[in-house]
There are 2 protein chains.
Amino acid sequence: MPDEPAAPAKRKRTRIQREKEEIILEAALEVFALYGFRGSTIDQVAEQAGMSKPNLLYYFPNKEAIHRVLIDRLLDTWLDPLREMNPQGDPRSEIRSYIRRKLEMARDYPRESKLFANEILQGAPRIQEELQDLRMLVDEKVEVLRGWMREGKLARVDPYHLIFSIWAVTQHYADFDTQVRAVLGPRRDGPGRFEDAARYLDRLFTEGLKP
Amino acid sequence: MPDEPAAPAKRKRTRIQREKEEIILEAALEVFALYGFRGSTIDQVAEQAGMSKPNLLYYFPNKEAIHRVLIDRLLDTWLDPLREMNPQGDPRSEIRSYIRRKLEMARDYPRESKLFANEILQGAPRIQEELQDLRMLVDEKVEVLRGWMREGKLARVDPYHLIFSIWAVTQHYADFDTQVRAVLGPRRDGPGRFEDAARYLDRLFTEGLKP
DNA sequence: TGTAGTCTTTACCAATCGGTCAATTTTTTA
DNA sequence: TAAAAAATTGACCGATTGGTAAAGACTACA
């Protein structure tokens, strides 16, 4: 009796529902990435999605539910590059691949990166739980890094801060994109900046982490 | 005749004006850093400042004026560490000092860092002009770095991305503070994380930038 | 101490916010 | 094709937004 009329979440979804939900999520990603949760309005998302506000609220019960789905999807794929780091591989080559993958994500999914950045900047009020999963994954990979260091295959550095630095330098190109492009200027700016970044970071981490 | 009653900006400021303006700016920094410009409300700032909204608006004409002053002050001091990089000094030691100073700013002025991050994330709509100043300063320092590379005192890497990486790894500890602390966990977290970071980054950049 | 100028507050405004409702239109299905 | 279900809309709600008007309270100084 209670959950029949308003939100078509439990019932089997129709074609239109699937399509419109994707359109809404796509629009919401655009808006939330730019203004954060509090700074964004349902009206903005609705206009971006090309539909009326009540129509949008026919598919999602409220603003937070949209944000929730975006965050969940994001975290699902966001951590894949780290999960893929292979304990059996060559340490510095694994780290190099990790950096490359993270850089590709910054290039291909900048809005997802900004969405995450906005959430963390605001104290991560809606993803406390997910941060615990993240912590467990990092702890696991920190042990891998420590193993490599013990085997003498990697410089003995703080593994946590090693991971932080990789996150920082890669996500920077998505989150601070505006600044990067302003500094590079119209002459130097262009798609090639990601390749330049990859080349530089390769060198920095390969040389910087030699045992 | 026109600017007498509302905003006491042009006249010589009284003691109370100076004091209250500082209280307001301090409160606004707290709020804006957390929610960004659009996500923050005058009421929030007023409550944080311990005064009524109309009282706050007696000192500043509107929300944007407060933000403007904060941004101007911030940028003034934010770039000092880069300005201090001395062309006559030893390259890798100068870079090391630059990283240390930036890390100290992330530790001591995290709200300023977040305020800036919020502004850039949202496409820097209110600081286009200042980004041009930043660009000039970076261009100048890029020439210094290139000189060092030509002298064989520094690895030949892309100087722009070198600077980006330093910004990224240092500001990360202010902007993504929530994530850093969540990952480190209550056991490892503490004031010492900045020293650990400094040690790690020292090593990474010193070794990574050897000619 | 009086008063001019400064400061603060209450009450209020129009616009926008997140969200609901009822009625209508479109699509699916029997 | 007709009825049932799903989708869409305009009108609307109370709360909150940025900001104002005007009157009262406080301060500095003659």
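Reminder, nothing fancy here: chain letters follow the sequence lines and each chain counts from 1. Atom set for the values below is all heavy atoms of this structure, side chains included, hydrogens, waters and symmetry mates excluded.
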Between [atom2] on [N] and [atom1] on [X], what's the gap in Å once rounded to a whole number?
{"X": "B:L56", "N": "C:dT6", "atom1": "CG", "atom2": "P", "answer": "19 Å"}
{"X": "A:Q44", "N": "C:dC17", "atom1": "CD", "atom2": "C1'", "answer": "11 Å"}
{"X": "B:N55", "N": "C:dT9", "atom1": "CG", "atom2": "C1'", "answer": "8 Å"}
{"X": "B:Y59", "N": "D:dG19", "atom1": "OH", "atom2": "C1'", "answer": "17 Å"}
{"X": "A:M51", "N": "D:dG10", "atom1": "CE", "atom2": "C1'", "answer": "17 Å"}
{"X": "B:D43", "N": "C:dC13", "atom1": "CG", "atom2": "P", "answer": "17 Å"}

Close N or O pairs between protein and nucleotides 19-28 of chain C (under 3.5 Å):
unit_1 : atom_1 : unit_2 : atom_2 : d
C:dG19 : OP2    : A:K63  : N      : 2.9
C:dG19 : N7     : A:K53  : NZ     : 3.3
C:dG19 : O6     : A:K53  : NZ     : 3.2
C:dT28 : OP1    : A:R15  : NH2    : 2.7

Listed partners of [X] passing side-chain hydrogen bond (donor to acceptor under 3.5 Å, both in side chains), at least two apart:
{"X": "A:Q48", "value": "none"}
{"X": "A:S113", "value": "A:D175"}
{"X": "A:E140", "value": "none"}

Inset, instruction - Kindly write out the residues that satisfy salt bridge (Lys or Arg N to Asp or Glu O under 4.0 Å) with B:E22, not counting sequence neighbours, or none if the list is empty. - result: B:R73

Inset, instruction - Assess whether atom OH of A:Y109 is packed by more than 12 heavy atoms of other residues, nucleotides or ligands within 6.0 Å. - result: no

Using only side-chain N and O atoms of [X], determine if any of them is under 4.0 Å from OP1 or OP2 of [N].
{"X": "B:Y58", "N": "C:dT8", "result": "no"}
{"X": "B:S52", "N": "C:dT9", "result": "yes"}
{"X": "A:Q17", "N": "D:dA7", "result": "yes"}

Legend entry - Given DNA chain C, 5'-ward residue of the pair B:K20 and B:R38, judged by closest heavy atom: B:K20

Inset, instruction - Would you mind listing every salt bridge (Lys or Arg N to Asp or Glu O under 4.0 Å) that reaches into residues 177-186 of chain B, with sequence neighbours excluded? - result: B:D177-B:R193, B:R181-B:D189

